Protein chains: 2
Amino acid sequence: MTRGSATARRRSDRLDDLFHALADPTRRRVLARLTLGPAAVTELARPFQMSLPAVSKHLQILERAGLVSRTVDGRVHRLRLTGEPLRQVEVWLDPFRSYWEDTFTRVDEDLAARPSRRLRAPARRRRS
Amino acid sequence: MTRGSATARRRSDRLDDLFHALADPTRRRVLARLTLGPAAVTELARPFQMSLPAVSKHLQILERAGLVSRTVDGRVHRLRLTGEPLRQVEVWLDPFRSYWEDTFTRVDEDLAARPSRRLRAPARRRRS
DNA sequence: CCAACATTAAACCAAATGGTTAAGTATGTA
DNA sequence: TACATACTTAACCATTTGGTTTAATGTTGG
């Protein structure tokens with residue numbers, strides 16, 4: 001018994017869907033387009049070379065992540081940006097914010113704490 | 001010739017790697033752990049049930065995305081958070097910020113511009 | 001009623017993902 | 001020298017992903 005995948009992948013986590021949805025250039029371009037206002041599927045598909053079903057799937061992924069919402073109006077599906085999930089990204093990002101504001105102090109602390117032979121790096125980055 | 005995948009997937013875009021790296025709970029937990037300071041591979045792997053090679057691969061993905069950097073010190077690989085790429089996420093996020101601050105005005109504008117029969121929804125959302 | 005239109009669903013495929021185990025490769029240590 | 005430690009690589013596997021084409025579903029308009 002090889003039993004390759006043991007844990008069976010949860011995939012239920014909200015952020016998983018969210019970040020996964022953002023990890024594709026097509027989907028990011030769609031989101032960018034939607035900042036200009038809502039649009040129908042065909043309209044969203046126009047800039048891309050791929051088939052309509054392909055775009056349709058991308059939109060489903062964005063929808064599942066909550067990034068866009070859909071209003072069916074006759075045969076036209078009108079998509080609009082939701083934004084709320086992007087705020088969630090922002091929220092997730094927040095605890096890390098100190099890391100691109102002052103990384104150096106923490107790194108320096110660590111270097112001081114464990115002065116290894118090999119860490120004799122030639123002090124590359126100036127602190128201004 | 002069925003030629004299933006025509007475009008061959010670029011995957012070279014920086015943001016693709018970045019968001020993909022963030023789209024996994026294990027990797028996000030590793031990042032969270034690293035905000036407390038650098039750590040070795042074994043140490044990072046401890047909270048997880050998966051095998052060491054699995055963690056090693058996750059770390060490679062984080063590294064490829066630039067989210068962590070590695071200092072090999074003897075046989076110990078010390079990982080630290082880099083932060084800079086997370087700032088890139090923030091930068092990418094910026095143009096959307098207005099969407100979780102005031103979505104309503106834009107949506108209303110659009111509804112005004114295209115007054116469809118079927119959109120006679122019973123004014124669900126109050127604006128306060 | 002019938003044809004064009006807007007869109008999704010189904011079936012398929014290659015490649016990537018996330019895991020596994022087993023086998024390296026260095027480095028420390030007795 | 002030999003053994004344990006800290007890792008990575010390699011080979012493998014099931015599932016997911018991102019695309020395709022063809023078919024189906026439901027409007028809209030003549």
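Note that the structure is a prediction, hence the values are computed from the model and not measured. Just so it is clear, the values below take in all heavy atoms, side chains as well, and ignore hydrogens, waters and symmetry mates. In what follows, chains carry the letters A, B, and so on, assigned in the order in which the sequence lines appear, proteins first and then strands, with residues in each chain numbered from 1.
Rounding to whole angstrom units, CE of residue B:Met50 and C1' of D:dC13 are separated by 17 Å. Across the protein-nucleic acid pair, A:Ile61 atom CD1 and C:dA9 atom P stand 13 Å apart, rounded to whole Å. Atom CZ of B:Arg29 and atom P of C:dG18 are 16 Å apart (whole Å). One interatomic measurement links the two molecules: NZ of B:Lys57 to P of D:dT9, which rounds to 11 Å at whole-angstrom precision. Taking atom CG on A:Leu59 and atom P on C:dA6, their separation rounds to 15 Å, with Å as the unit. Here the C1' atom of nucleotide C:dG18 and the CZ atom of B:Arg27 are 8 Å apart, to the nearest Å. Here the P atom of nucleotide D:dT17 and the CG atom of A:Leu62 are 14 Å apart, to the nearest Å. Computed from coordinates, the A:Leu44 CG to C:dT8 P distance equals 10 Å when rounded to whole Å.
Comparing B:His77 and A:Thr26 by the nucleotide of DNA chain D that holds the closest heavy atom to each, the one mapping nearer the 5' end is B:His77. Position along DNA chain C of the nearest nucleotide to A:Arg75 versus A:Arg70 favours A:Arg75 as the more 5'-ward residue.
Among the nucleotides C:dA6, C:dT20, D:dT20, the one closest to the side chain of A:Ala54 is D:dT20. Looking at the side chain of A:Ser51, the nearest of the listed nucleotides D:dT21, C:dT21, C:dT8 is D:dT21.
Taking every heavy atom of both residues into account, A:Pro47 and A:Leu44 meet most closely at CD-O, 3.2 Å.
The shortest distance between side-chain heavy atoms of A:Arg14 and A:Gln88 does not fall below 4.5 Å.
Contacts of A:Leu52 with the nucleic acid, taken as non-hydrogen atoms under 4.0 Å apart, include base atoms.
Rounding to the nearest 0.5 Å places CZ of A:Arg80 at 9.5 Å from CG of A:Leu34.
Residues forming a side-chain hydrogen bond (donor to acceptor under 3.5 Å, both in side chains) with A:Arg33 (at least two apart in sequence, or on another chain): A:Glu43.
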Going by atom type alone, with no hydrogens or angles, which donor-acceptor pairs under 3.5 Å involve a side-chain atom of residues 50-62 of chain B and a protein atom two or more places apart or on another chain?
{"residue": "B:Ser51", "atom": "OG", "partner": "B:Ala54", "partner atom": "N", "Å": "3.4"}
{"residue": "B:His58", "atom": "ND1", "partner": "B:Arg27", "partner atom": "NH1", "Å": "3.1"}

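Dashed line: the shortest gap from a side-chain N or O of A:Gln49 to OP1 or OP2 of D:dG19 is not under 4.0 Å.
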